[in-house]
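The analysis underlying the following values was restricted to heavy atoms, covering all of them including side chains, and did not include hydrogens, waters or symmetry mates.
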Amino acid sequence: MDFDAVLLLSFGGPERPEDVMPFLENVTRGRGIPRERLASVAEHYLHFGGVSPINGINRAVIERLRTYVDVPVYFGNRNWEPYVEEAVTAMRDDGVRRAAVFTTSAWGGYSSCTQYVEDIARGRQAAGDAAPQLIKLRQYFDHPLFVQMFADAITDAARAVPHDARLVFTAHSIPLAARSRCGAELYERQVAYTSGLVAAAAGYDDYDQVWQSRSGPPQVPWLEPDVGDHLSSLVENGTTAVIVCPIGFVADHIEVVWDLDTELREQAEEAGMAFTRAATPNADLARVAADLLAELRDGRDPERVPGPNPPPLQGYSVDGVLCTPACG
């Protein structure tokens with residue numbers, strides 16, 4: 001399948017202090033999150049000057065991706081400028097007929113996959129009848145490049161701590177009520193599977209996989225254990241060093257630079273534990289995108305790292321309709 005443009009589609013993030021609260025209101029619209037909770041989260045962004053790292057990283061991904069492809073690359077977001085509606089409308093005005101869409105999420109599940117499909121549909125609706133056809137690329141949680149990037153990052157991080165440091169994988173938690181929304185705990189299974197692949201590639205037989213960054217009312221149960229609670233358990237059990245790998249994040253989101261690099265690091269230091277954090281792919285994610293684009297253009301079968309009991313791989317979507325399997 002050929003295409004004449006690429007759209008990088010992401011979550012979005014504020015780039016000025018005055019953007020922070022409107023951005024958080026966009027993200028949480030309809031969820032009934034108290035304003036005082038939003039104000040608390042806003043402080044995380046304001047700690048970094050009101051700027052999320054994600055937009056700058058995405059622009060770096062785009063610049064590197066342009067060295068791999070010979071078509072224009074556009075940028076659109078779900079929750080902040082540049083919005084996906086603006087990007088698809090610009091593509092229409094530029095005469096784009098069919099574009100491949102690369103999303104900054106490797107996973108299945110509702111918020112990490114289906115919402116991007118909905119973003120595509122909303123963008124096309126905004127652009128009207130002349131909107132380009134949009135082909136969302138497949139998930140890539142077990143793509144060889146993706147797995148190796150994290151494995152190499154763990155190897156690099158391990159040099160900063162004793163050799164017996166405990167390896168802990170962490171990903172964004174979700175409410176328990178959302179676990180089966182996209183079929184048999186798909187997101188949870190994919191994260192666990194990739195953690196196993198990356199650990200093996202990095203030479204670790206034993207590791208932990210936990211969750212982080214839950215939000216919402218405390219009475220609503222989310223996936224556990226929480227990474228902070230788990231760190232406390234490790235300290236109680238005599239663990240003196242830890243390598244934290246943010247397997248659920250393709251780039252340095254605020255949940256990485258604040259929740260892990262700031263709060264979790266402080267917790268470890270106060271407990272006398274040696275702490276290091278494995279890098280995320282960041283701009284190097286362009287290599288994964290380029291290979292998925294070549295896969296689409298050449299009609300290749302998906303390249304996946306083999307492992308025991310692989311979870312389902314949701315395929316491409318066309319014009320806001322997910323092809324296989326259904327998820328909603």
- When you look at Gln115 and Asp119, which way does the side chain to side chain donor-acceptor pair (under 3.5 Å) test go after all the steps? CA-CA 6 Å; Gln115 273 196 293; Asp119 295 337; 6.0 Å; no
For Asp142, is there an ion pair with Arg189 - N to carboxylate O distance below 4.0 angstrom? no
dist Thr89:OG1 -> Glu86:CD (nearest 0.5 Å) comes out at 8.0 Å
Verify the neighbour count for atom CZ of Arg35: are there more than 12 heavy atoms of other residues, nucleotides or ligands below 6.0 Å?
-> no
Practice task
State yes or no: do Phe48 and Val20 share one hydrophobic cluster built from I, L, V, M, F, W and Y residues joined by side-chain heavy-atom distances below 4.5 Å, directly or via other members?
Solution key: yes
(request) Kindly work out whether a path of hydrophobic side-chain contacts (I/L/V/M/F/W/Y, heavy atoms less than 4.5 Å apart) joins Ile54 to Leu285. (result) no
Are Tyr193 and Phe249 co-members of a hydrophobic cluster defined by side-chain heavy atoms under 4.5 Å apart?
no
If you count every heavy atom of other residues, nucleotides or ligands that lies below 6.0 Å from Arg97 atom CZ, does the total exceed 12? no
CG/Asp298: more than 12 non-hydrogen atoms of other groups inside 6.0 Å: yes
Residues Asp259 and Arg265 bridged, charged N to O under 4.0 Å:
no
Does a side chain donor of either Asp94 or Tyr74 reach within less than 3.5 Å of an acceptor in the other side chain?
yes
**Asked** Is it true that Arg214 and Asp226 make a salt bridge, defined as a side-chain N closer than 4.0 Å to a carboxylate O?
**Response** no
For Glu85, the side chain to side chain contact (heavy atoms under 4.5 Å, CB included) test, sequence neighbours excluded, returns Tyr83, Arg122, Ala126
Is any side-chain heavy atom of Leu293 less than 4.5 Å from a side-chain heavy atom of Phe3?
-> yes
Here the gap from Ser105 atom OG to Phe141 atom CZ, rounded to the nearest 0.5 Å, amounts to 11.0 Å
d(His172 NE2, Ser112 OG) to nearest 0.5 Å is 11.0 Å
Notebook entry, point to check: Under 4.0 Å between a Lys/Arg side-chain N and an Asp/Glu carboxylate O for Glu43 and Arg37?
Noted result: no
key: Pair Ser195, Gln209: side-chain N/O donor-acceptor within cut-off below 3.5 Å   = no
Across all chains, not counting sequence neighbours, the ring-ring contact (aromatic ring centres under 6.0 Å, His included) partners of Phe11 are none
Note: Ala99 and Asp4 closest approach over all heavy atoms is N-OD1, 4.4 Å
_Assess whether a salt bridge exists between Glu118 and Arg78, defined as any Lys/Arg side-chain N lying under 4.0 Å from an Asp/Glu carboxylate O._
no
Do the ring planes of Trp107 and Tyr187 sit parallel (below 30°), tilted (30 to 60°) or perpendicular (above 60°)?
-> perpendicular
**Request:** Look at Arg277 together with Asp252 and state whether they make a salt bridge at an N to O cut-off of under 4.0 Å.
**Result:** yes
Could you give me the CA-CA distance, side-chain angles and deciding distance for Asp129 and Arg92, then say whether salt bridge (charged side-chain N to carboxylate O under 4.0 Å, His left out) is met?
CA-CA 10 Å; Asp129 293 340; Arg92 177 205 66 192; over 6 Å; no
> Does any non-hydrogen side-chain atom of Thr103 lie less than 4.5 Å from one of Ser10?
Replying inline: no
Smallest heavy-atom separation, Val235 atom then Ala271 atom, equals CG2-CB, 3.8 Å
query = If you draw a 6.0 Å radius around CD in Gln125, do more than 12 non-hydrogen atoms from other residues or ligands fall strictly inside?
reply = no
Does atom CG (Asp205) have a neighbourhood of more than 12 heavy atoms from anything else shown, all under 6.0 Å?
no
Between the CD1 atom in Ile57 and the OG atom in Ser52, the distance rounded to the nearest 0.5 Å is 7.5 Å
(request) Find out whether Pro17 and Leu46 are in side-chain contact, i.e. whether some heavy atom of one side chain is under 4.5 Å from a heavy atom of the other. (result) yes
Scan side-chain atoms only and decide if Asn77 and Glu81 contain a donor-acceptor pair under the 3.5 Å cut-off. no
Practice problem: Report yes if some heavy atom in the side chain of Tyr207 is under 4.5 Å from a heavy atom in the side chain of Val168; otherwise report no. | Solution: no
Rounded to the nearest 0.5 angstrom, the CH2-CD1 distance for Trp211 and Ile174 is 7.0 Å
_Pair Arg166 + Asp208, salt bridge at N-O below 4.0 Å_ = yes
Is there a donor-acceptor contact under 3.5 Å linking the side chains of Thr239 and Asn237?
no
Could you see if Val210 belongs to whatever hydrophobic cluster contains Phe150? Use Ile, Leu, Val, Met, Phe, Trp, Tyr and a side-chain cutoff under 4.5 Å. no
Report task. Flag yes if Val51 and Val41 sit in one hydrophobic cluster, no otherwise; membership is Ile, Leu, Val, Met, Phe, Trp, Tyr, and two members link when side-chain heavy atoms are under 4.5 Å apart. Result -> no
Exercise. Taking the six-membered ring for Trp and the single ring otherwise, decide whether the centroids of His47 and Trp258 are under 6.0 Å apart.
Key: yes
Exercise for the section: Apply side chain to side chain donor-acceptor pair (under 3.5 Å) to Gln139 and Gln190, showing your working. Expected result: CA-CA 10 Å; Gln139 295 158 12; Gln190 289 177 350; 3.0 Å; yes
Side chains of Leu234 and Met273: does their closest heavy-atom pair fall under 4.5 Å? yes
### Message
Suppose we call two aromatic rings close when their centres sit under 6.0 Å apart. Are Tyr45 and Phe23 close by that rule?
### Response
yes
